[in-house]
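Chain naming here is simple, since letters A, B, ... match the order of the sequence lines and numbering starts at 1 in each. Only this structure's heavy atoms are used, side chains among them; waters, hydrogens and symmetry mates stay out.
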There are 2 protein chains.
Amino acid sequence: MYRISQLAKRFGLSRSTLLYYDQEGLLSPSERSEAGYRLYSEGDLDRLAAIASFRKAGLSIDEIRAILAAPEKGERSVLQRRLAAIGEEIRALKAQQSLLARMLRVQSGESLPESMDKETWVAMLRAAGMDDRAMETWHAEFERRAPQAHHAFLLSLGIGAEEVLTIRRLSESAWAGAEGRVP
Amino acid sequence: MYRISQLAKRFGLSRSTLLYYDQEGLLSPSERSEAGYRLYSEGDLDRLAAIASFRKAGLSIDEIRAILAAPEKGERSVLQRRLAAIGEEIRALKAQQSLLARMLRVQSGESLPESMDKETWVAMLRAAGMDDRAMETWHAEFERRAPQAHHAFLLSLGIGAEEVLTIRRLSESAWAGAEGRVP
DNA sequence: ACTAAACCGTGAAGCGGTAGACGGGTCAAG
DNA sequence: CTTGACCCGTCTACCGCTTCACGGTTTAGT
C-alpha cells in the first residue's frame with residue numbers, strides 16, 4: 001500500500017498529477033486510510049504504469065480512459081490515430097522552423113539538411129537510376145514486407161498523414177495486381 | 001476601418017482570437033463605433049500581420065508583446081530561443097513516434113511487420129530493379145546531400161556503428177570518382 | 001508529552017488560446 | 001413597423017496539469 005507522494009516519486013510524476021488522475025476517475029486508489037489518505041495497491045500501480053506509458057505516447061486523458069475501459073475495442077485505432085497526428089505536428093514544427101530560419105536570415109541548415117525530406121529522397125533515387133515505375137515497385141514491396149515501417153518512413157520524410165495513406169493504398173493495389181496475397 | 005469578424009476572416013483567424021488579443025493588450029482597435037464595436041485601422045492591420053506571422057512561428061503572446069514593444073532590443077534572441085525550443089519539441093515527438101510504433105508492433109503479433117533491417121531493405125531495392133552499381137550511386141548521393149541523415153538511416157537498419165562508417169567512407173570515394181555523372 | 005517537519009486532503013486560480021452561449025445591436029427586405 | 005439574419009460584446013468552460021493556500025495527520029526527535 002503506497003501513499004500518494006510515494007507513488008508519485010516511484011513513477012517520476014508529481015503528487016498533483018495523481019490527484020488530477022483521481023479527480024478525473026482515471027486512477028482512483030482502491031482504499032483510504034482512517035484519516036482519509038489515499039492508499040494505492042499493487043493493482044493500482046500496474047494501472048498507473050499503463051497510464052504513464054500511454055501519456056508518454058501523447059494520448060489524451062479521454063483516450064486513455066477509453067482504452068483502459070475496453071482495451072480490445074479500439075486500442076489499435078487510437079494509437080494509429082495518434083501516430084498520424086504526431087506526423088502532422090512534426091510537419092507543422094518543421095514549417096515553423098523554416099519560417100524562423102527565414103526571419104533570422106540564417107541559411108545554415110540549407111546546404112546540408114540534417115533531416116531527409118521527400119524531394120531530396122526522390123532526387124537521390126533518381127540519381128541512382130530509378131524511374132517512376134521502379135519507385136512504384138519499391139513502395140509496393142515496402143508495403144508488403146513491412147507496412148508499419150513503410151508508414152513510419154513516409155512520415156519521417158515530412159509527408160502529411162493523408163498523403164501517406166494515399167501512397168500506401170496505391171502501393172497495396174499495385175502489388176495486388178501483380179500476385180496473390182499472403183496473410 | 002474593419003470590424004472584428006471582417007478582420008478575422010481576412011487573416012484566417014477566429015473572432016475569439018482577436019478578442020483575446022485585445023484582452024491581452026496585444027492588439028487593441030484604435031477606435032470604437034458609437035455602439036461600442038471595435039474598429040480596426042490600416043495600422044492595426046499591419047500590426048496584426050506582424051503578430052500573425054510571429055504566431056505562425058510559434059512565439060508566445062508574451063514574446064510577441066516584447067518584440068513589438070522594442071523590436072531592436074531582443075528580437076533575434078527570442079527567435080533563436082524559439083528555434084532551439086522547436087528542435088526539442090520535434091525530438092520529443094519523435095520519441096513518442098517510436099514508442100507508439102513499438103506498442104503497435106507488439107500488439108499486432110510478430111507475424112507480419114518487423115522493423116526494417118538491412119537484408120529486407122536491400123531486397124526491396126533489388127525488387128525495384130536496382131543493381132549494385134545503382135546502390136553505390138545512391139549511397140554516394142545520400143552522403144553528399146545529407147551526411148547526417150545518411151548516418152542515422154544506416155543505424156536505423158540495425159547496422160553497427162563501425163560498418164556505418166565504412167559504408168560512408170566508400171560512399172565519399174565513389175562520389176569523388178563519379179563527379180561528372182548526369183542523373 | 002510535546003514540537004516541528006513533512007505529509008495529507010480539499011479547493012481554487014492560472015497557463016494560451018479556442019469555442020460556445022447569451023443577450024442585445026444593426027441592417028436588409030417586406 | 002416588424003421579422004429575420006447577422007453581427008457585436010461579454011462571460012464562461014475546456015485541455016493537462018501546476019501552483020498556491022488552508023487546515024488536519026503522521027512521523028521523528030527530544
Exercise. Relative to the 5' end of DNA chain D, which residue comes earlier, Lys9(B) or Ser16(A), by the nucleotide with the nearest heavy atom?
Worked result: Lys9(B)
For this session: Report whether Leu19(B) and Tyr21(B) are members of the same hydrophobic cluster (ILVMFWY, side-chain heavy atoms less than 4.5 Å apart, transitive linking).
Result: yes
Problem set entry | Comparing Arg38(A) and Tyr37(B) on DNA chain C - which has the more 5′ nearest nucleotide | Arg38(A)
Seminar exercise, completed: Between OH of Tyr21(B) and P of dA19(C) the distance, given in whole Å, is 12 Å
Exercise. Leu26(A) CG to dC15(D) P: how many Å, rounded?
Worked result: 13 Å
Problem set entry | Between P of dC14(D) and CG of Asp62(A), the distance in whole Å | 12 Å
Problem set entry | Closest listed nucleotide, where the reference is the side chain of Arg15(B) and the choices are dC7(C), dG16(D), dA21(C) | dA21(C)
For this session: Name the nucleic acid region contacted by Ser14(A), choosing base, sugar-phosphate or nothing; use a 4.0 angstrom heavy-atom cut-off, strictly under.
Result: sugar-phosphate
Problem set entry | Distance-only donor-acceptor check, side chains Tyr2(B) and Glu42(B), under 3.5 Å | yes
Problem set entry | Which residue lies more 5' along DNA chain D, comparing Gln6(B) with Gln23(B) via nearest heavy atoms | Gln6(B)
For this session: Classify the nucleic acid contact of Thr17(B) as base, sugar-phosphate or nothing, counting any heavy atom under 4.0 Å across all strands shown.
Result: sugar-phosphate
Seminar exercise, completed: Considering only heavy side-chain atoms of Ala35(A), the closest of dT10(C), dT19(D), dT25(D) is dT25(D)
For this session: Report the nucleotide, chosen from dC7(D), dC15(D), dT26(D), that has the shortest atom-to-atom distance to any side-chain atom of Arg3(B).
Result: dC7(D)
Problem set entry | Integer-rounded Å distance: dA13(D) C1' and Glu24(A) CD | 13 Å
For this session: Nearest whole angstrom, please: distance from the P of dG9(D) to the CG of Leu18(B).
Result: 10 Å
Exercise. Is any side-chain heavy atom of Ser33(B) less than 4.5 Å from a side-chain heavy atom of Arg3(B)?
Worked result: no
Exercise. Between dT19(D) atom C1' and Leu13(A) atom CG, what is the distance in whole Å?
Worked result: 17 Å
For this session: Applying salt bridge (Lys or Arg N to Asp or Glu O under 4.0 Å), run through Arg82(B) and Glu89(B) and close with a yes or a no.
Result: CA-CA 10 Å; Arg82(B) 174 66 193 151; Glu89(B) 286 177 40; 3.0 Å; yes
Exercise. What nucleotide among dT26(D), dC17(D), dT18(C) has an atom nearest to a side-chain atom of Tyr20(B)?
Worked result: dT18(C)
Exercise. So does Arg32(A) reach the base of dG9(C) with its side chain, donor to acceptor, closer than 3.5 Å?
Worked result: no
Exercise. Taking atom CG of Leu18(B) and atom CZ of Arg38(B), what is their separation to the nearest 0.5 Å?
Worked result: 9.0 Å
For this session: Send over the distance from Ile64(B) CD1 to dG16(C) P, rounded to a whole Å.
Result: 11 Å
Exercise. Rounded to the Å, how far apart are Ile4(A) CD1 and dT25(D) C1'?
Worked result: 15 Å
